[in-house]
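Everything on this sheet refers to the single structure shown next.
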Amino acid sequence: MAGPGGMRRGPAGAKMRAPKGTTKRLIGMLFRENKWYLIAVVTCLIICSICGSVGGIFMKNLYDAIELALVDRSAGWNQVLTLIGIMIGVYSLNILCAFIHTRLNAVVTYKFLTNLRNKMFERMQKLPVRYFDSHTHGEVMSHYTNDIDVLSQLVSQSIPHLFQSVITITILFCTMVFYSLWLTMVVLIGVFTMLIVTKKIGGRSATFFLSQQRSVAAVEGFVEEAMSGQKVIKVFNHESSAIQDFDRVNEEWQGNAYKANKFANMLMPILNNIGNSLYVLVAFIGGTLLVLTKGQMANLSLEAVFDSGFTTAMNVLSISVCISFLNMTKHFANQVSQVSGQINAVVMAQAGAARVFQMIDELEETDEGYVTLVNAKYDENGNLTETKERTGIWAWKHPHKAEGTVTYTRLAGDIVLDHVDFGYVPEKIVLHDVTLYAKPGQKVAFVGATGAGKTTITNLINRFYDIADGKVRYDGININKIKKADLRRSLGIVLQDTNLFTGTVMENIRYGRLDATDEEVYAAARLANADDFIRRLPNGYQTMLTADGANLSQGQRQLLSIARAAVADAPVMILDEATSSIDTRTEALVQKGTDQLMQGRTVFVIAHRLSTVQNSDVIMVLDHGRIIERGSHQELIAQKGKYYQLYTGAFELE
């Protein structure tokens with residue numbers, strides 16, 4: 001939360017412009033994933049467009065048939081009935097194709113959106129930690145909600161309507177030109193007017209719709225932070241301040257939404273009135289020409305020019321043509337209005353697609369490693385060999401391409417940082433020339449004030465970030481050569497911030513190793529001294545946890561996190577303030593469990609409570625990214641330096 005001063009603004013506030021090719025890429029992806037469905041949908045839309053456009057032709061022929069019936073009753077009424085039967089068949093086909101394309105389009109839309117969400121989530125899992133350092137949770141969630149919603153509207157409504165409207169406009173235009181060139185020119189003048197209005201008003205509306213979309217993302221981000229920080233807001237009595245901040249963000253959204261919808265709501269009535277005026281104008285001009293010329297010099301038709309010559313062309317316009325043309329004029333204007341009305345949806349969808357594609361196109365976490373972690377066993381000659389069985393022996397599988405050989409090195413937990421420099425941003429180094437050695441089975445503790453660089457060191461061992469200079473070696477292997485997944489599989493981690501997922505207690509512990517048996521889960525819980533409180537829960541290990549384990553105390557959540565690390569049974573353990581949320585009595589119990597967990601493992605411990613690090617083999621004291629003291633508890637006490645001051649209370653950790 002940004003607090004009373006204002007909300008944190010990130011990249012979501014940046015101006016959104018869809019890069020060139022966004023629409024083409026979107027349509028291409030849509031077609032590749034749903035080729036045959038789309039072919040069927042397009043076919044149905046074309047048939048619907050043709051069926052919906054024959055009304056004008058029907059009106060002309062029907063009027064001509066009625067005129068014939070006045071002269072020849074039998075022949076005329078037979079023709080009328082035939083035309084009515086044909087139109088019943090045409091409109092029935094229209095209804096059938098509309099039903100089919102609506103059903104198929106729903107399948108296409110939600111299949112496409114499902115695949116798109118899968119792509120987004122798959123890419124999100126492969127993004128480096130840096131990405132989430134620079135993007136708020138609300139902004140990321142906005143991709144899955146707002147951006148997907150506007151794409152849903154585009155695929156399910158806008159694209160089919162635009163395609164059908166374009167086909168209908170083309171058919172109507174050709175028919176109108178065929179019937180009457182002069183009246184078609186009158187219609188084109190009206191359409192040109194509609195396009196100018198659309199450009200002026202629709203352009204301004206589209207701009208504010210983009211701002212509205214950014215504002216919605218900002219509102220979602222604010223609400224997400226307010227929900228996660230609700231206890232902090234209440235503790236510090238910042239409810240009023242939070243309401244004021246939210247009102248400001250919400251009013252910004254309201255302003256953009258008001259302006260966007262104001263212009264959008266103006267556009268359609270104006271276009272409809274232009275269409276009505278055009279209808280009246282065509283009726284007036286057509287009727288005037290009929291009356292003044294008595295049908296002798298009423299109009300010029302392309303049909304007459306090419307088929308009957310210019311002289312006959314002067315006699316083409318008739319009452320039936322005028323009636324048919326009026327019907328087509330109304331339909332033509334409506335189609336142009338529909339196309340104009342979809343502009344805002346298309347612009348918003350372009351911006352949403354651009355944001356989605358930007359996330360999908362984010363560079364994945366790079367991994368040039370080729371050394372993997374495998375289960376191993378000793379053969380009859382005492383050599384390590386790979387096995388699929390879980391033997392409790394881990395080995396690094398190191399292929400040597402030049403020689404075409406593979407060597408196996410038993411994982412021992414020997415970790416070395418050699419003159420390491422690191423900064424989260426290149427211009428600000430936070431670790432300076434850090435050198436440390438963690439021998440197999442050693443317990444190495446980091447002590448220092450907040451921001452001294454303790455957690456940063458463990459982040460580098462995990463390769464959440466890559467170092468700027470120096471080397472990090474694991475059993476003599478540069479960790480850049482180890483595949484990240486295998487590197488992290490060798491590390492069991494208990495973080496200060498516990499994350500529990502929606503699911504049972506059993507499932508949350510098993511998250512440490514998905515193939516763990518129930519007995520192994522129980523053993524891990526007993527090791528972390530979590531078994532007792534778990535069995536007192538309403539459904540024991542099958543108790544459902546929601547909202548990050550909100551129905552548990554902070555200490556209980558931490559115990560589950562420790563049990564999760566225990567079931568992973570990793571060769572190296574990292575405990576980042578693992579007991580910070582546990583009371584002193586529980587800490588003593590957990591300490592016994594973690595001592596068992598640490599046996600035979602290299603362990604890194606970060607703690608503010610010095611009582612938890614006294615039995616460490618080596619204690620590193622950090623200050624502003626530098627190791628200023630190192631040694632055992634007794635050695636550091638004897639030095640009477642910073643650690644001595646911390647231990648005796650002469651100096652307190654910040």
Closest non-hydrogen atom pair between [X] and [Y], with its separation:
| X | Y | value |
| --- | --- | --- |
| Phe446 | Phe604 | CE1-CD2, 3.6 Å |
| Trp394 | Asp569 | NE1-O, 4.4 Å |
| Ala353 | Leu151 | CB-CD2, 3.7 Å |
| Ala412 | Pro440 | O-CB, 3.2 Å |
| Leu384 | Thr409 | CD1-C, 4.2 Å |
| Gly413 | Val572 | CA-CG2, 4.0 Å |

Measure the [atom1]-[atom2] distance between [X] and [Y] for me, rounded to the nearest 0.5 Å.
| X | Y | atom1 | atom2 | result |
| --- | --- | --- | --- | --- |
| Asn375 | Leu373 | CG | CG | 7.5 Å |
| Asn115 | Arg117 | CG | CZ | 11.0 Å |
| Gln634 | Gln614 | CD | CD | 8.5 Å |
| Asp418 | Asp433 | CG | CG | 9.0 Å |
| Ile562 | Leu575 | CD1 | CG | 7.5 Å |
| Ile415 | Gln442 | CD1 | CD | 11.0 Å |

Check Lys126, Arg488, Arg463, Lys483 against Glu365 for a salt bridge (charged side-chain N to carboxylate O under 4.0 Å, His left out) and give me the one that passes.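 That would be Arg488; it is the only one of Lys126, Arg488, Arg463, Lys483 passing the salt bridge (charged side-chain N to carboxylate O under 4.0 Å, His left out) with Glu365.
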When Asp361 is tested against each of Arg25, Arg355, Arg123 for salt bridge (charged side-chain N to carboxylate O under 4.0 Å, His left out), which residue passes?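 Result: among Arg25, Arg355, Arg123, Arg25 is the only option passing the salt bridge (charged side-chain N to carboxylate O under 4.0 Å, His left out) with Asp361.
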Spell out, as yes or no, whether a donor-acceptor pair under 3.5 Å connects the side chain of [X] to the backbone of [Y].
| X | Y | value |
| --- | --- | --- |
| Lys484 | Thr366 | yes |
| Lys454 | Gly448 | yes |
| Arg473 | Val416 | no |
| Arg564 | Asn508 | yes |
| Asp379 | Asn381 | yes |
| Asp475 | Ile477 | no |
| Glu629 | Lys642 | yes |
| Thr546 | Thr502 | no |

Can you check side chain to side chain contact (heavy atoms under 4.5 Å, CB included) on Leu559 and Ile534, steps first, answer last? CA-CA 10 Å; Leu559 289 174; Ile534 293 174; over 6 Å; no
Evaluate Tyr644 against Leu636 for side chain to side chain contact (heavy atoms under 4.5 Å, CB included), listing each step before the verdict. CA-CA 7 Å; Tyr644 175 82; Leu636 294 177; over 6 Å; no
pair [X]-[Y]: side-chain heavy atoms closer than 4.5 Å:
| X | Y | answer |
| --- | --- | --- |
| Leu500 | Leu552 | yes |
| Met29 | Phe112 | yes |
| Arg130 | Leu363 | no |
| Ile509 | Leu560 | yes |
| Ser553 | Phe533 | no |
| Ile493 | Thr458 | no |
| Ile479 | Lys471 | no |
| Tyr647 | His633 | yes |

For Tyr522, does the six-membered ring have the charged nitrogen or CZ of Arg535 within the cation-pi criterion, i.e. under 6.0 angstrom from the centroid and within 45° of the normal?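 Verdict for Tyr522: a cation-pi partner in Arg535.
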For a quick check under 3.5 Å, do Tyr424 and Thr456 share a side-chain donor-acceptor pair by atom type?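 On atom types as modelled, these side chains qualify, holding a pair under 3.5 Å.
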Do Asp531 and Tyr541 have side-chain N/O donor and acceptor atoms under 3.5 Å apart?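 Note: Asp531 and Tyr541 side chains meet the donor-acceptor criterion.
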Before you tell me yes or no, could you show the steps for Glu389 and Lys377 under salt bridge (charged side-chain N to carboxylate O under 4.0 Å, His left out), namely the whole-Å CA-CA distance, both residues' side-chain angles and the distance that decides it to 0.1 Å? CA-CA 9 Å; Glu389 302 172 7; Lys377 65 179 181 180; 5.1 Å; no
Are there over 12 heavy-atom neighbours, none belonging to [X], within less than 6.0 Å of that residue's [atom1]?
| X | atom1 | value |
| --- | --- | --- |
| Lys481 | NZ | no |
| Tyr408 | OH | yes |
| Tyr110 | OH | no |

Under the criterion salt bridge (charged side-chain N to carboxylate O under 4.0 Å, His left out), I'd like the reasoning laid out for Glu520 against Arg390: C-alpha separation, chi angles, the key distance, then a yes or no. CA-CA 13 Å; Glu520 288 174 325; Arg390 189 175 179 87; 5.3 Å; no
Which is it for His398 and Tyr370 under the ring-ring contact (aromatic ring centres under 6.0 Å, His included) test, yes or no, and what are the steps along the way? CA-CA 7 Å; His398 194 157; Tyr370 52 87; 5.7 Å; yes
Does the side chain to side chain contact (heavy atoms under 4.5 Å, CB included) test come out yes or no for Phe422 and Val472, once each step is laid out? CA-CA 12 Å; Phe422 170 76; Val472 180; over 6 Å; no
Could you go through Arg410 and Tyr378, starting from their C-alpha distance and side-chain angles, then the distance that decides it, and tell me whether this counts as side chain to side chain contact (heavy atoms under 4.5 Å, CB included)? CA-CA 10 Å; Arg410 180 164 182 172; Tyr378 288 99; 3.4 Å; yes
With respect to Lys443, which candidate in Thr602, Asp617, Asn615 satisfies the side chain to side chain donor-acceptor pair (under 3.5 Å) definition?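 Single side chain to side chain donor-acceptor pair (under 3.5 Å) partner of Lys443 among Thr602, Asp617, Asn615: Asn615.
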Presence of salt bridge, Arg489 and Asp486, under 4.0 angstrom: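 Yes.
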